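Remarks on the structure that follows.
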Amino acid sequence: MVAFVVGAVPILLALQATQPSSASIVGTVRDAETGAPLAGATVAMPDLDRFVLTGADGRYLLRQVAAGPHHVAVRFIGHAPRTLHAIVPQEGQVEINVSLVAQPLRLVPLEVRAPVAVRGVDSDDHPNFPDRATSIAAVLNHPLLAEPDVFQALSGGEVQLRAETPAGIHIRGGASDQTAYLLDGVPVFSPYHAAGVSSAWNPDALSELRIAAAAPSPTNPHSLSGTIAGMTRAPGGSFRAQGSLSTTQARLTADGPLGIAGAGYLISARMGLPGLLAKQGEASYVKGETNDRLAKLEAPAIGGRLRLLVYDDANEIDAAASARTADGTAAAYRRNLFAWRNRSLGADWRGVLSGTGLHIRTWRASSHAGATWFAQPAPMDLTSSRLDEGVQLSLDRRSAGAKTIVGMRLERSGTSYRVRSDSAPRPDWFLGARTAVATAFAEHERELGERTMMRTAVALA
């Protein structure tokens with residue numbers, strides 16, 4: 001009989017718990033040491049699968065709790081949890097105030113060790129941001145570009161773009177003017193169009209784009225932070241032409257063979273259309289023009305291959321400004337004009353003489369920038385120009401597992417700045433300089449096993 005009564009107690013309590021109840025559990029959760037209320041503490045009833053969070057004053061309320069015995073668990077991060085037993089009546093309110101003792105939360109130690117990456121030693125270890133290249137096919141299929149742009153496609157990692165600057169490419173934290181730009185090895189001074197809207201290299205005329213920044217270049221000492229090199233596509237065996245037209249630009253590219261066996265040509269032209277949709281006669285609209293052109297000729301010559309390159313880009317921004325006379329009437333509109341132009345010419349010959357590769361390159365790169373500023377009492381013209389001319393000769397010798405390059409680079413750079421005023425009392429201001437530099441360089445690579453290569457280079461300017 002006693003065993004029957006003891007076994008019936010849980011059943012009676014369960015039946016009581018299933019009956020409707022209007023009882024509630026209320027209370028406050030505080031810090032045991034300071035007495036301050038703990039906001040956001042969890043008060044749970046695991047038997048009923050219910051929980052609430054305390055408010056800003058540490059108070060909590062659990063409504064319509066079934067009558068009978070229950071477990072109440074209270075937790076708050078940084079404090080030791082507590083579990084209490086409560087018997088809830090059929091009706092009324094049970095107040096349970098809880099104090100939690102502060103207990104630091106111990107985290108599992110997390111060790112971070114940077115591996116020492118040595119190229120060629122471990123196939124899984126690579127130096128941070130190694131030199132990389134991207135194909136034009138990848139640029140054309142870039143999902144984030146409305147118009148294909150070779151420079152914007154390089155953004156990320158060690159390459160950061162600030163499109164609102166004339167040459168806004170920063171490599172490995174270097175300044176924008178520490179980046180060198182080469183088009184088939186020929187220097188280009190400003191490869192950006194007006195206000196950095198787009199690059200001035202037509203993607204239809206290129207085949208590949210490379211970033212060289214992992215090590216200083218002995219053959220290109222101007223690139224303090226890195227070099228961005230674009231390679232034009234090879235002329236095809238038959239005539240090809242492609243183009244596109246959008247609200248921002250129109251471009252056309254054609255290539256094909258010439259009469260001489262093995263000779264070919266490549267031409268491209270692009271024109272920006274920034275004011276195509278602008279309202280005609282709107283003086284406050286910033287207007288501008290952009291265009292770039294490229295022509296390349298390849299042909300066999302003197303036992304090797306000769307390549308001629310001509311590149312040109314032009315930019316202009318017309319910033320409108322209105323002036324009023326002393327009586328308040330509108331005067332004629334005036335515009336502050338900004339314009340710059342770049343032109344690069346290059347010739348390249350490669351051949352092999354007695355088992356030794358011979359490479360000769362010569363170039364002439366120029367840049368001119370000017371502004372007409374409508375200052376008072378008279379407009380002012382501000383101009384700057386740069387002209388670089390050079391020639392480079394290199395010899396390379398290759399053998400099993402080794403390559404050696406030696407060469408000489410001769411160049412001359414000239415820069416000038418001038419300020420002119422339409423007002424006679426103001427004198428002209430001019431500053432100019434010309435610098436000649438001769439550089440000898442040597443580079444040697446040798447394989448020291450299947451997974452190790454040694455590369456050494458030296459340059460003397």
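This structure is a prediction, so every number in the text was calculated from the model and none was measured.
Of the possible donor and acceptor atoms, none in the side chain of Ser199 sits under 3.5 Å from a partner among the backbone N and O of Asp149. Between the side chain of Lys403 and the main chain of Glu443, no donor-acceptor pair closer than 3.5 Å is present.
A 6.0 Å sphere centred on CZ of Arg63 holds no more than 12 heavy atoms belonging to other residues, nucleotides or ligands. More than 12 heavy atoms of other residues, nucleotides or ligands shown are found within 6.0 angstrom of CD on Glu95. The number of heavy-atom neighbours closer than 6.0 Å to CZ of Arg75, taken from other residues, nucleotides and ligands shown, is 12 or below. Atom CD1 of Ile87 has 12 or fewer heavy atoms from other residues, nucleotides or ligands within 6.0 Å. The environment of Met271 atom CE is sparse: at most 12 non-hydrogen atoms of other residues, nucleotides or ligands sit within 6.0 angstrom. For Ile77, the CD1 atom is loosely surrounded, since the number of other residues' heavy atoms within 6.0 Å does not exceed 12.
Once rounded to the nearest 0.5 Å, the distance linking CZ of Arg270 with CG of Leu252 reads 12.5 Å. Atom CZ of Arg50 and atom NE2 of His70 lie 9.5 Å apart (nearest 0.5 Å). Here the straight-line distance linking atom NZ of Lys296 with atom OG1 of Thr232 works out to 3.0 Å at 0.5 Å rounding. One distance of note links NE2 of His170 with CD of Gln160; it measures 9.0 Å at 0.5 Å rounding. Interatomic distance, CZ of Arg30 versus CG of Asp57, reported as 8.5 Å (0.5 Å rounding). Here the straight-line distance linking atom OG1 of Thr227 with atom CZ of Arg210 works out to 12.5 Å at 0.5 Å rounding.
Within the 4.5 Å cutoff, the side chain of Leu309 has no heavy atoms near those of the Ser344 side chain. For the pair Thr253/Asn202, a side-chain contact is recorded, criterion being any heavy-atom separation below 4.5 Å from C-beta on. The side-chain heavy atoms of Tyr181 and Ile169, taken from C-beta on, include a pair separated by under 4.5 Å. When side chains are defined from C-beta on, Pro37 does not count as touching Thr54, because their heavy atoms never get closer than 4.5 Å.
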Practice problem: List the steps and the verdict of side-chain hydrogen bond (donor to acceptor under 3.5 Å, both in side chains) for Arg251 and Gln249. | Solution: CA-CA 7 Å; Arg251 60 181 191 266; Gln249 60 181 265; 3.1 Å; yes
Quiz item: Could you go step by step and tell me if His368 and Ser385 meet the side-chain hydrogen bond (donor to acceptor under 3.5 Å, both in side chains) rule?
Solution: CA-CA 4 Å; His368 180 82; Ser385 62; 4.9 Å; no
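Nearest approach of Gly346 to Val186, heavy atoms of both residues: CA-CG2, 3.8 Å. Shortest non-hydrogen contact noted between Ala80 and Leu100 is O-CD2, 3.7 Å. Between Ser384 and Tyr417, the shortest heavy-atom contact is CB-CD2, 3.6 Å.
Side-chain contact of Gln392 with Arg409: a donor-acceptor pair under 3.5 Å is present, judged by distance alone. There is no side-chain donor-acceptor pair under 3.5 Å between Asn315 and Thr290.
For Asp396, the salt bridge (Lys or Arg N to Asp or Glu O under 4.0 Å) criterion is met by Arg398, not counting sequence neighbours.
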